Enquirer: 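Structure below; questions to follow.
Predicted model only: the values in this text are computed from it and were never measured.
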There are 2 protein chains.
Amino acid sequence: MMPESGLRPRKKDILEKAARLFLERGYKSTSVRDIAFATGIEASSLYSHFPSKESILELLCHECADRFNAAMDAILASAADNDLSRITRVLEFHIDTAFEDPMSGTVFSDEWKNLPEDKKVSYLEKKRNYENKFSTLLAALMDKGLIVKGDPTIKMNTLISSVRWLHHSKKKYTAEEKTAIKKEILDMLTLGLLIE
Amino acid sequence: MMPESGLRPRKKDILEKAARLFLERGYKSTSVRDIAFATGIEASSLYSHFPSKESILELLCHECADRFNAAMDAILASAADNDLSRITRVLEFHIDTAFEDPMSGTVFSDEWKNLPEDKKVSYLEKKRNYENKFSTLLAALMDKGLIVKGDPTIKMNTLISSVRWLHHSKKKYTAEEKTAIKKEILDMLTLGLLIE
DNA sequence: GCTCATGCCTAACGAATGTTCGTGCGGCAA
DNA sequence: TTGCCGCACGAACATTCGTTAGGCATGAGC
């Protein structure tokens with residue numbers, strides 16, 4: 001999945017197992033012993049790799065926020081895109097992430113609440129930064145008359161939320177199914193439900 | 001004296017406080033002592049009203065599922081509606097609920113996972129029942145050529161998810177703001193983002 | 001061959017959790 | 001009055017939680 005490749009394999013392993021458990025049961029419902037068992041070691045051995053359970057969540061949260069921001073920056077910087085294709089690519093990124101790395105979406109919208117207060121602040125800064133870029137992009141599109149005018153924040157939140165169900169979807173999809181789902185959601189968000 | 005809604009006032013009070021805490025912190029992060037403190041009693045006194053913490057969640061979950069199903073049934077049964085206005089009213093119900101009773105949405109999509117296995121089954125049955133009615137309605141609209149054809153389940157999940165952010169929104173809105181937000185989300189979902 | 005860090009173990013810790021117990025108090029029915 | 005019942009209490013319970021301490025094995029570098 002995503003943990004940096006500079007990490008020791010065991011550490012990476014723990015992060016992956018923790019991420020999956022946090023996704024399935026939530027942070028609070030996942031005990032240190034659960035993570036250790038999934039990794040195949042004892043609970044106390046975790047502390048050879050991480051100073052605390054919260055530090056695992058912290059690492060996952062910030063890594064995820066950084067990945068979202070990096071993707072957004074890349075899309076915004078790409079000269080190959082006009083504004084309209086930019087928003088499509090942002091949405092595609094959200095959908096792809098939901099498929100390939102479902103933990104990210106959960107972290108991004110839910111589990112960060114379990115961070116200790118100080119770590120929460122710095123995470124929320126990254127999150128707000130991402131959302132600002134998102135809604136600024138929407139506002140620019142409104143100004144150019146490319147999308148329906150309105151409150152960019154409302155539209156942004158609605159767009160981000162709308163793919164949330166994918167994260168928790170247990171079903172395994174084939175590549176073709178993923179493409180089909182992606183297209184359907186994308187069409188729905190851009191063109192709407194109704195036939196005019 | 002409270003206008004008795006079936007439940008004793010203290011019991012109703014506990015349920016309300018618990019619902020709010022479950023919404024804000026999540027079920028697992030809310031202790032029995034938290035609920036008791038919010039109600040103004042001791043933890044042990046809770047057990048004069050409920051046999052367990054889980055039973056509080058169970059009651060909230062099933063009550064919520066029943067409310068969603070009742071609303072859906074009312075909309076489907078109403079002769080005053082055509083199919084197209086039905087889907088609008090379903091979406092409006094979701095948005096209204098997110099404003100007026102934010103706990104419901106959280107329960108509906110998240111916190112039910114904390115139910116014990118046997119209670120989970122009966123809850124999921126109600127939820128599946130609701131979702132079936134929802135996607136059947138969408139399928140009917142597709143057949144009549146009123147909405148874009150596709151997978152009703154994908155569309156249903158996307159629609160339901162898209163208002164999830166409202167539940168956790170801390171801001172309190174005026175009635176006018178609520179109406180405006182509702183209209184913007186509704187337009188966005190039905191007409192899409194793009195200007196054709 | 002010695003050192004030393006690494007990674008894992010067993011054992012145990014204090015704190016917090018959900019819950020039970022015994023009790024007391026006030027109101028209502030007999 | 002008597003007795004019961006609903007509701008509340010403080011104390012204590014067993015369990016689980018995150019975490020720490022101390023020790024043992026391994027293997028790389030001198």
Enquirer: Using 4.0 Å as the upper bound for N to carboxylate O, is an ion pair formed by A:K183 and A:D187?
Expert: yes
Enquirer: B:L21 CG to C:dG18 P: how many Å, rounded?
Expert: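 Distance check: B:L21 CG to C:dG18 P gives 12 Å.
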Enquirer: Could you tell me which non-hydrogen atom of B:Y27 sits nearest to which non-hydrogen atom of B:K53, and how far apart they are?
Expert: O-NZ, 3.0 Å
Enquirer: Heavy atoms within less than 4.0 Å of DNA chain D: which residues of residues 39-49 of chain B have one? Give them sorted by number.
Expert: B:I41, B:E42, B:S44, B:S45, B:S48, B:H49
Enquirer: If you look at every strand shown and take non-hydrogen atoms under 4.0 Å, does B:S55 touch a base, only sugar-phosphate, or nothing?
Expert: nothing
Enquirer: For a quick test of reading the model, state the closest non-hydrogen atom pair linking A:L186 to A:E92 and the distance between them.
Expert: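 That would be CD2-CG, 3.7 Å.
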Enquirer: Calculate the interatomic distance between A:I35 atom CD1 and D:dG18 atom C1'; express it in whole Å.
Expert: 11 Å
Enquirer: Mind listing the closest non-hydrogen atom pair of B:T153 and B:S135 along with its distance?
Expert: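 Closest pair (atom of B:T153, atom of B:S135, distance): N-CB, 4.4 Å.
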Enquirer: Within the structure shown, what part of the strands sits under 4.0 Å from A:R10 by heavy-atom distance: base, sugar-phosphate, or nothing?
Expert: sugar-phosphate
Enquirer: Nearest-Å distance, CD1 (A:I56) to C1' (D:dT19)?
Expert: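 From A:I56 CD1 to D:dT19 C1': 12 Å.
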Enquirer: Starting at NZ of A:K28 and ending at P of D:dT16, how long is that distance when rounded to a whole Å?
Expert: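 Those two atoms, NZ and P, are 18 Å apart.
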Enquirer: Select from A:P51 and A:S29 the residue whose nearest nucleotide in DNA chain D is closer to the 5' end of that strand.
Expert: A:S29
Enquirer: Just by distance, no angles: are the side chains of A:N69 and A:K133 close enough, under 3.5 Å, to form a donor-acceptor pair?
Expert: yes
Enquirer: Are side-chain heavy atoms of A:E24 and A:L21 found at a separation under 4.5 Å?
Expert: yes
Enquirer: Using whole Å, what does the distance between atom P of nucleotide D:dC7 and atom CG of B:D13 come to?
Expert: 13 Å
Enquirer: Would you kindly give the CZ-to-P distance between B:R33 and C:dT19, to the nearest whole Å?
Expert: 11 Å
